[in-house]
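To start, the structure under review is shown below, and the notes come after it.
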Number of protein chains: 2
Amino acid sequence: MDAGGETDFNMEEWPFYWLTRFSGRYLQQMELALKPIGLDVAQWRVLMALRDRERLSVSEIADHAIAKLPTMTKIIKRMESDGLVACAPRPSDQRVTEVRLTPEGEAASREAWAAANRIYARTFEGVSARDVASLNRLLRTITRNIVL
Amino acid sequence: MDAGGETDFNMEEWPFYWLTRFSGRYLQQMELALKPIGLDVAQWRVLMALRDRERLSVSEIADHAIAKLPTMTKIIKRMESDGLVACAPRPSDQRVTEVRLTPEGEAASREAWAAANRIYARTFEGVSARDVASLNRLLRTITRNIVL
DNA sequence: GAATAATAGTTGACTATTCAAGTAATGTTC
DNA sequence: GAACATTACTTGAATAGTCAACTATTATTC
């Protein structure tokens, strides 16, 4: 496959094309679904990160959400002043700022997850569980491969 | 699958998790690869859109790159003042601004595609052509489904 | 254990993106 | 064909994201 040359190259056979395109539409739809909840995509990423663990440092959230650290600082500050999260220095290491959801943040999280599930349901309607599993497997592989 | 509830939910079995994660890393890597060429991700999206067609309107590019129209206006203006693209009103409809690559823009495009191909090669190393084809097929389906 | 290095985060100046409101050209309706 | 609506952008004010430089805390080295 030679995407740069003059040879016959079909964009639709290039996975990056579809991944970019899908990702863009996913963000559009999430943005739309989050608006009534009073959230944006950046905040949604923080809620996703805080789904599994109760407390995370700002760096850990930035890493998980694949955002730069200063960006994440400011997103967290916004969410803090909106009352969605609470921040406190970690007792064992005062350098790290630990972030956790407030009850209000948990409520927003539940609403956001419900919205995400609705989008998921219609997006994968008619796709078999086996195909979803294959997709996850392949995505995990290429996500690992791309970093080098 | 109930991503919002208290039930056992494994993020790694949720395709949106991987799609978001992959997409983030892809953008990181492209950003890195484009820097020496003097391009950013926004400009790369324009070059991608202009790969197949010689001339596109600002709206068409915005739509293809899944960006908002005012954003695209400004990206195009930046690229125009960098000498990468040229703009002219469409003769048959003076409202539309047609954008095409300059020779300089074509050169940048070739370099960017080469960089993208290098990333693609290492990302999909060891992935069979059949799996790539399945991935494309599934991505096309879910990209169509998500919009409703 | 004082000096230096490394880590975690924040801040401020700069750039990029977005929303809302504007302009200009084309379509439509009566 | 004049008035109104729609389309295709563009612009300016507000917001968000980024880079470089800074502070504070912990780790390491001599």
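Reminder, nothing fancy here: chain letters follow the sequence lines and each chain counts from 1.
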- Query: Is B:R110 salt-bridged to B:E104, going by a charged N under 4.0 Å from an acidic O?
  - Reply: no
- Note on the structure: Here the distance between atom P of D:dA16 and atom CZ of A:R45, to the nearest Å, is 15 Å
Name each donor-acceptor pair under 3.5 Å that joins a side chain in residues 23-30 of chain A to protein atoms two or more places apart or in another chain, with its distance.
{"unit_1": "A:S23", "atom_1": "OG", "unit_2": "B:S23", "atom_2": "OG", "d": "2.9"}
{"unit_1": "A:R25", "atom_1": "NH1", "unit_2": "B:T143", "atom_2": "O", "d": "2.9"}
{"unit_1": "A:Y26", "atom_1": "OH", "unit_2": "A:W44", "atom_2": "NE1", "d": "3.4"}
{"unit_1": "A:Q29", "atom_1": "OE1", "unit_2": "A:R122", "atom_2": "NH2", "d": "2.7"}
{"unit_1": "A:Q29", "atom_1": "NE2", "unit_2": "B:V147", "atom_2": "O", "d": "3.3"}

- Task: Among residues two or more places apart or on two chains, list those pairs meeting ring-ring contact (aromatic ring centres under 6.0 Å, His included) that have a residue in residues 70-93 of chain A.
- Result: none
- Interatomic distance, B:I142 atom CD1 to A:F124 atom CZ [nearest 0.5 angstrom]: 4.0 Å
- Task: Using whole Å, report how far CG of B:L32 lies from P of D:dT18.
- Result: 14 Å
- Going through the distances and angles, do B:L50 and B:S109 end up as a side chain to side chain contact (heavy atoms under 4.5 Å, CB included)? CA-CA 9 Å; B:L50 282 168; B:S109 180; over 6 Å; no
- Query: Between D:dA8 atom P and B:L56 atom CG, what is the distance in whole Å?
  - Reply: 14 Å
- Message: Is B:K77 close enough to D:dT11 that one of its side-chain N or O atoms is under 4.0 Å from OP1 or OP2 there?
- Response: yes
Atom pairs and distances, side-chain donor-acceptor, residues 76-85 of chain B, under 3.5 Å, sequence neighbours left out:
{"unit_1": "B:S81", "atom_1": "OG", "unit_2": "B:K77", "atom_2": "O", "d": "3.4"}
{"unit_1": "B:S81", "atom_1": "OG", "unit_2": "B:R78", "atom_2": "O", "d": "3.0"}

- Task: Sugar-phosphate atoms are those with a prime plus P, OP1 and OP2; base atoms are the rest. Using that split, label each nucleotide of nucleotides 16-22 of chain C B, S or - for protein heavy atoms under 4.0 Å, 5' to 3'.
- Result: SBBBB--
- Message: I want to know whether B:F9 and A:W113 have ring centres closer than 6.0 Å.
- Response: yes
- Note on the structure: B:Q28 CD to D:dT18 P, in whole Å, measures 10 Å
- Message: So if I take residues 88-102 of chain B and measure heavy-atom distances to DNA chain C, which residues fall below 4.0 Å?
- Response: B:D93, B:Q94, B:R95
- For residues 57-93 of chain B, the ring-ring contact (aromatic ring centres under 6.0 Å, His included) pairs (sequence neighbours left out) are A:Y17-B:H64
- Query: Is the shortest side-chain N/O distance from A:T73 to OP1 or OP2 of C:dT11 below 4.0 Å?
  - Reply: no
